[in-house]
Amino acid sequence: MTTHEIRQHFFDFFESKGHKIVPSAPMVVKNDPTLMFTNAGMNQFKDYFLGNNVPKVRRIANSQKCLRVSGKHNDLEEVGVDTYHHTMFEMLGNWSFGDYFKKDAIAWAWELLTEVYKIPKDQLYVTVFEGDDADGVPKDEESIEIWKKFIAEDRIILASKKDNFWEMGETGPCGPCTEIHVDIRPEADRKAISGIELVNNDHPQVVEIWNNVFMQFNRKADGSLEPLPETHVDTGMGLERLAMALQGKTSNYDTDLFQTLIVEMERVSGVKYGVKEETDIALRVIADHVRTIAFSIADGQLPSNTGAGYVIRRILRRAVRYGYQTLNLKEPFLSGLSVVLGKEMGDPYQELLNQKDIIEKVIYEEELSFFRTLEHGIKRMDALMINTKADNKTILNGAAVFELYDTFGFPVDLTSLIARENNLTIDEEAFEIELDKQKTRSRAATAVEAGDWITLIPDAQEEFVGYDNLVARVKIVRYRKVSQKQKTFYQLVFNQTPFYPEGGGQVGDTGFIEHNGEKTIIFDTKKENNLIIHLTEKLPEFPGSDFDAHVNVSKRALTTANHSATHLLHHALRTVLGTHVEQKGSLVNEKNLRFDFSHFSKVTAEELKEIEDIVNREIKAGIALQEHRNVAIEAAEQMGAMALFGEKYGDSVRVIQFGPSLELCGGTHVNNTSQIGLFKLTAESAVAAGIRRIEAITSTTAENLLTEKAEKLDAINSLFKNPKDLKAVVEDMIQKNHAYQKQIEVFQREKGQLVKADLKAKVELINGINYLGEKVNLDAGNIKDILHQLKGEFNNFVAVLGGIEDDKCNLTLIISENIVAEKGLDAGKIIRTLSTHIQGGGGGQAFFATAGGKNANGLDKAIAEFKELVVS
RNA sequence: GGGGAAUUAGCUCAUUUGGUAGAGCGCUUCGCUGGCAGUGAAGAGGUGAACGGUUCGAUCCCGUUAUUCUCCA
């Protein structure tokens, strides 16, 4: 049974049990501050469990692409080392939201595994929660009783809170779970040692395949539990592991999905899989990681240096590192592999095919960039090793190794490998200490402490009224205190709100709420799990009152104009550049708009002009907004509205239309394009391989900029007496200026040569020393040059020159190296004494020194003293 | 979000208690060769990212900003 068939059977089975099959949510999470990636099938349904939203359908099943890089069983550094951990995996799941519970969930799980997938019953074991006194949760007798109908009692294993009690986070919904484990060892082994002994013992062939979570409690901030009003079922079954069991393999990497990738890597590297442990690990790492990277990019998450993008970059670099170090691949190889992946998985996951060019190109550029980092690091590494050997040491300094890693991104295990090849080791302990310090610093900077929600009005659903109103009468439904970095603020939820929460690239509204003359400033509005949250630094005195909510009108108006302009821009880009242009990100605030999109070359000046013209034509045309709220997603697609990759849409969406521009969008928009006033492009640049960025301004901001520019130009024009061709005049002036400067330099040099000839005549031979001491009318730079030249022309040369510039003066000393050595003179020291005569200070090297001061009258004295000192 | 680093000639990079800004490649001119490849010589090319501070003096020390790299969360 191929993996694709296994996935399809799962869908068919649960559809027959009345479930709706929904698509996978994007792997990259957009509006949940606690999560960067989807790490379980239930993520997209979180607000159903939290009660923020009510599901339309109570039974759902799907296959969810998930990404895990940390957690109790998953550390990035372990993936690939064994044969059953992954960064990205597909999670098959079925859900009940307040519908069926333990009885049906367990019965169906058993039916699917034993009758559809035909796993022998004597290879299955189940675990059930044993209860926890501290939490006051009893043993899950209910599940045990249900299991007894299907499986021998001795195969039902009690397990502790650690393995069989599931929690969403520190607080929130939680409950006991029951896990199904499969024993895929050969028959002889199974007879020798019972699988019961090996369940939950990290045996690679006695593994958990399906976890059924029964959510029945809510965990509060003080740690106590309360029953949920409705119970839910949340299950998850790893597709890769299931495929291993069903295909009779002992490793996930031996299943069809991964073998395609591994075979390709064997071809590229010339290394066979299954020959050597070390190279096998490398091949597994690469096969695993390329999936994660390609899917992330398809979901709109490009590698970058912060947040989720950084996780992707790290995974990519880990894969490249294994290829580089172990498979001896010194050129990009992952981008090619991503093409093979696209062919293999493009059928169930269309996004891979639709975006194959950009995926390949982005990966390729990232690989090149990492190779540059490696090259740079190797240079530094060489220097470090030379220094270490010079100090007669064999251990590389831990702090230095850390710097190499932290500042220059050079992987530690590569450092370690190169060190070994040079008979050196690294101080791992010191390295770890440095790494820990860095981690502590970062954590302290981002620690967030959230209090319990204080509910004022139970069961209220929040409604957004901000499309039509900028003012509204609101009540606070609940609030909580949040602390971060010694700053405390409050999060408020209203019954209805005119405040637009940050989303779709548009910034959140600001404003205030007012009761009885008391104004409470709302400094930002955000969305968390579909809940609109208003941020304020202080709570109103009477939170239970009615409030008048006022959105900051001018900020909203400017932002709105920018957002509508973004839509026009998007459409214009597709018209001028082609329909390969896809939105890759956008930022819309009251100052400007920024739009990132896929396009493979620089947008030319002509194209930019054309784009700007189209947008401005549409603004002048005064196109009325056609807003369609609560459109079914299918209907919206039929209208031809543009949806974004990696964006999760609900069942019903909002469609924004300005003439030919048609987009799914939740943002705020002008009623008529004429309200945008004016559109002006301000920048075009590259953000990543194949991704360009355009920035623009609109409305009064654009008008002000144009006015300002015109004023500047007028001013310059009048400075040049209003010439016909200002540009030519300025160019000419710049060129002349350059030429004049060159000429001045020539003159100065000539003058210097004259002075030099003069000075040469004044050199006297005293006691075998060629002495010169004079005041000159030259700048310090020229004096320096002349003295160095004279030193080259005279043997045993010793000179001091005093120069006067404006209200300052300077002294310059030079002494031939042999005199320095013979007489033990030090120009630097001498000049410090001399400089007292001119009320200044100075210093330098033994043969050359300079000083500056305020009192030019002291120059003669200083010269005299110097003569005394060196000649006598 | 927090930390570390980088920014020097067209390109790749040197330059250690702050005291004369350099190399390689590329470019220009000239020479050798019938021409090319090659090679020899000379030369041009620098507000040392921007701004401010400390200092007699800053590419170097300090601060701010910008851009880029990098690690951590």
Side-chain angles (χ1 to χ4, degrees), chain A residues 33-36 69-70 76 303-311 313-314 317 366 369-370 372-377 379-380 383 387 399-412 431-432 434-448 484-487 683 685-688 737-738 741-742 745 752 779-792 802-815 826-856 858-859 862:
Chain A
T34 62
L35 208 57
M36 287 195 285
V69 280
S70 58
L76 179 57
S304 75
N305 58 357
T306 54
Y310 179 58
V311 174
R313 173 168 287 170
R314 245 170 61 200
R317 291 189 168 191
E366 271 293 311
S369 143
F370 186 49
R372 277 195 295 269
T373 302
L374 286 180
E375 207 179 314
H376 195 217
K379 264 191 202 167
R380 294 210 152 245
N387 285 338
V401 172
F402 181 75
E403 188 198 27
L404 205 55
Y405 164 75
D406 179 62
T407 302
F408 300 99
F410 200 66
V412 198
F431 177 87
E432 289 298 331
E434 292 294 326
L435 186 61
D436 264 354
K437 273 196 229 162
Q438 143 112 310
K439 285 185 178 177
T440 316
R441 252 199 319 267
S442 288
R443 263 193 222 108
T446 47
V448 181
Q484 185 175 15
K485 275 201 293 179
Q486 289 136 354
K487 266 193 198 159
S685 59
V687 272
N737 193 38
H738 197 245
Q741 269 180 353
K742 287 277 152 202
E745 272 174 41
D779 64 285
N782 237 327
I783 291 177
K784 181 177 69 188
D785 283 342
I786 290 171
L787 282 181
H788 277 94
Q789 285 166 22
L790 289 174
K791 179 166 76 83
I804 305 170
E805 277 181 294
D806 302 327
D807 55 338
K808 285 183 178 175
C809 62
N810 61 66
L811 273 175
T812 309
L813 285 192
I814 200 155
I815 305 172
D826 184 336
K829 280 182 187 156
I830 296 169
I831 205 150
R832 249 166 267 155
T833 6
L834 298 185
S835 61
T836 54
H837 296 295
I838 55 168
Q839 290 171 20
Q845 296 133 291
F847 74 99
F848 178 79
T850 56
K854 284 172 278 193
N855 181 17
L859 284 175

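All of these numbers come straight from a predicted model, not from anything done at the bench. Letters A, B, ... mirror the listed sequences (proteins, then strands); counts begin at 1.
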Please check this pair: side chain of A:H376 against backbone of A:R372, looking for a donor-acceptor N/O pair closer than 3.5 Å.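 Absent.
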
Using atom [atom1] of each nucleotide, how far apart are [N] and [M] to the nearest Å?
{"N": "B:G45", "M": "B:G63", "atom1": "C1'", "value": "33 Å"}
{"N": "B:G18", "M": "B:U29", "atom1": "P", "value": "44 Å"}
{"N": "B:G53", "M": "B:G46", "atom1": "C1'", "value": "24 Å"}
{"N": "B:A14", "M": "B:C72", "atom1": "P", "value": "24 Å"}
{"N": "B:G40", "M": "B:A21", "atom1": "P", "value": "29 Å"}

As an exercise, state the distance from CG of A:L787 to CG of A:L813, rounded to the nearest 0.5 Å.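 These two atoms lie 9.0 Å from each other.
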
Interatomic distance, A:T812 atom OG1 to A:I786 atom CD1 [nearest 0.5 angstrom]: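 Going from the OG1 atom of A:T812 to the CD1 atom of A:I786 covers 10.5 Å.
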
Who are the ring-ring contact (aromatic ring centres under 6.0 Å, His included) partners of A:F431, not counting sequence neighbours?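 Scan of A:F431 (ring-ring contact (aromatic ring centres under 6.0 Å, His included), adjacent residues dropped) gives A:F402, A:Y405.
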
Quick one: label A:S835 by what it contacts on the DNA or RNA (base, sugar-phosphate, nothing), any heavy atom closer than 4.0 Å.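 No contact at all - A:S835 keeps every heavy atom at 4.0 Å or more from the nucleic acid.
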
N/O (side chain, A:R313) to phosphate O (OP1/OP2, B:U70) under 4.0 Å: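 Yes.
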
Are A:Y310 and B:C71 close enough that a side-chain N or O sits under 4.0 Å from OP1 or OP2?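 For B:C71, OP1/OP2 do have a side-chain N/O of A:Y310 under 4.0 Å.
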
Locate the shortest heavy-atom distance separating A:R317 from A:S369; write the atom from each residue and the value.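 Heavy-atom minimum between the residues: NH2-OG, 3.5 Å.
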
With Watson-Crick and G-U wobble geometry limited to distances under 3.5 Å, how should the secondary structure of RNA chain B be encoded in dot-bracket form, using | for bases paired to another strand and [ ] for crossing pairs? (((((((..((((.....[..)))).((((((.....)))))).....(((((..]....)))))))))))).

Using heavy atoms to find the nearest nucleotide of RNA chain B for A:E403 and A:G841 separately, return the residue whose nucleotide is more 5′.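 Taking each residue's closest nucleotide, the earlier one in sequence belongs to A:E403.
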
Which one, B:G4, B:U20, B:A73, comes nearest to the side chain of A:D406?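 The answer is B:G4, which lies nearest to the side chain.
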
Could you go step by step and tell me if A:E434 and A:K437 meet the salt bridge (charged side-chain N to carboxylate O under 4.0 Å, His left out) rule? CA-CA 5 Å; A:E434 292 294 326; A:K437 273 196 229 162; 3.3 Å; yes

